[in-house]
**Student:** 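Pasting a structure here, questions to come.
Computed from a predicted model, the values in this text were never measured in an experiment.
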Amino acid sequence: MKVLSYNLEKNKAVGELLALIERHDLDLLCLQEVDAAALPSELGGMHLVDRTLANRLGLAIYHRSDRYTALRTEAFALKKSLHDRIAKPAHERLLAARLVDRATDHELVVASFHAAPLTALNSLRRAQIAAAHERLAELGPGLPHLMVGDYNYPLFRRGLGRSVGRTGHDLTFSDGRTYTRYKFLRGHFDFATSVGMVISSVQTLPKGGSDHLPILVSAIYGEIPAIDSAVSATQ
């Protein structure tokens, strides 16, 4: 399957979506920082599964109409940073959908994630990621899941990998940097975490109108590892 994740930077890059869908023959599309209320229900053969409406910077998920059936969707609030409490950009930082893949007879959970901004500590983002993984496991117990989005985690990625790995998840970065605004913080902000999926590649696509570059995740179904739910992110 091909999954594209794109932070549209306050909806600036929304006009690029149709061309991206057609160019890459996408199966799933996960968006961050969208004007969710203005999104079309159908876009280039893809159907809007769900969107967040409580957020100023919204999340959304599209799937291919001819391949997937949505069983359930849910948006989740995660631990808030000081920025969240003051500026209130995003009440819900995780949007997840439980789907049936009619092409393979698999069920899976796919999620669009937007972590707290760089003003927050990495420890808070690790806590958000761990909580998000727990919510996905509750939405689809024992199912493969793939979470893509803007993790806002350009530094100390090795420590994040250890934290994620302790709960049985895989952390997969793209083949190029995904953020361009700040000279000293250009890095891999957008990536994927997964369980029960084999990620064959994560490709950084050319820059468009957003300060984030879209990423294209290619994945197949794999085995579900045993996960110790008691393990949480370290500080």
Side-chain angles (χ1 to χ4, degrees), residues 1-36 38-40 43-44 46 48 51-52 55-64 83 89-90 93-95 110-120 122 125 128-129 132 146-158 160-161 164 170-194 197 199-219:
M1 70 178 68
K2 294 182 179 179
V3 184
L4 188 132
S5 176
Y6 198 4
N7 181 321
L8 300 186
E9 191 194 358
K10 301 177 182 177
N11 216 51
K12 290 180 182 178
V14 67
E16 303 166 22
L17 295 178
L18 183 58
L20 287 168
I21 291 169
E22 294 174 347
R23 184 178 304 126
H24 299 286
D25 191 25
L26 299 179
D27 296 301
L28 296 159
L29 176 62
C30 295
L31 303 173
Q32 305 88 43
E33 291 200 21
V34 300
D35 179 359
L39 289 175
L43 184 64
M46 303 193 81
L48 178 62
R51 57 193 173 172
T52 57
N55 292 0
R56 177 164 55 84
L57 304 178
L59 304 170
I61 298 174
Y62 283 84
H63 68 48
R64 275 183 56 171
H83 178 83
R93 289 195 169 272
L94 176 68
L95 177 66
V110 63
S112 182
F113 173 71
H114 190 187
L118 294 177
T119 51
N122 275 348
R125 280 183 285 274
Q128 289 181 329
I129 293 166
L146 174 66
M147 185 169 82
V148 295
D150 176 6
Y151 285 72
N152 274 318
Y153 212 107
L155 302 176
F156 308 110
R157 292 182 293 147
R158 189 173 298 177
L160 175 61
V164 167
D170 292 320
L171 172 64
T172 312
F173 295 101
S174 61
D175 59 1
R177 298 179 302 183
T178 69
Y179 191 68
T180 61
R181 174 177 291 180
Y182 299 118
K183 181 178 180 181
F184 299 106
L185 282 176
R186 294 180 180 181
H188 294 75
F189 282 60
D190 308 82
F191 45 85
T193 56
S194 60
M197 305 291 294
I199 309 297
S200 58
S201 67
V202 181
Q203 179 185 2
T204 300
L205 301 181
K207 184 176 176 356
S210 172
D211 54 0
H212 288 256
L213 282 66
I215 59 170
L216 179 63
V217 181
S218 298

**Student:** Looking at Ala115 and Arg93, what are the two nearest heavy atoms and their distance?
**Tutor:** O-NH1, 2.9 Å
**Student:** If I compare all heavy atoms of Cys30 with all of Val110, which pair ends up nearest, and what's the gap?
**Tutor:** SG-CG2, 3.9 Å
**Student:** Determine the minimum heavy-atom distance between Glu33 and Leu8, stating which atoms define it.
**Tutor:** O-CB, 3.7 Å
**Student:** Do His114 and Leu59 have side-chain heavy atoms sitting under 4.5 Å apart?
**Tutor:** yes
**Student:** Say you draw a straight line from CD of Glu9 to CG of Asn11; how long is it, rounded to the nearest 0.5 Å?
**Tutor:** 10.5 Å
**Student:** Measure up the Phe173 and His188 rings against each other and bin them: parallel (under 30°), tilted (30 to 60°), perpendicular (over 60°).
**Tutor:** perpendicular
**Student:** Which heavy atom of Arg125 sits nearest a heavy atom of Ala116, and at what distance?
**Tutor:** NH1-O, 3.2 Å
**Student:** Whether the Asn7 and Asp150 side chains hold a donor-acceptor pair (N or O, under 3.5 Å, no angle test) is what I'd like checked.
**Tutor:** yes
**Student:** Out of curiosity, Ile215 CD1 to Ser201 OG, how far, rounded to the nearest 0.5 Å?
**Tutor:** 10.5 Å
**Student:** Closest approach of Arg177 and Leu213, non-hydrogen atoms and distance?
**Tutor:** O-CD2, 3.8 Å
**Student:** How far apart are the C-alpha atoms of Leu4 and Ile21, what are their side-chain angles, what is the distance that settles it, and do they pass the side-chain contact (heavy atoms from CB on, under 4.5 Å) test?
**Tutor:** CA-CA 9 Å; Leu4 188 132; Ile21 291 169; over 6 Å; no
**Student:** With a 4.5 Å heavy-atom cut-off, do Tyr151 and Thr193 have their side chains touching?
**Tutor:** yes
**Student:** So, taking the atom named CG in Asp170 and the one named OG in Ser194, what distance separates them when rounded to the nearest 0.5 Å?
**Tutor:** 4.5 Å
**Student:** How close do Thr172 and Phe191 get, heavy atom to heavy atom, and via which atoms?
**Tutor:** O-CB, 3.2 Å
**Student:** Are Leu26 and Leu216 close enough that some pair of their side-chain heavy atoms sits under 4.5 Å apart?
**Tutor:** yes
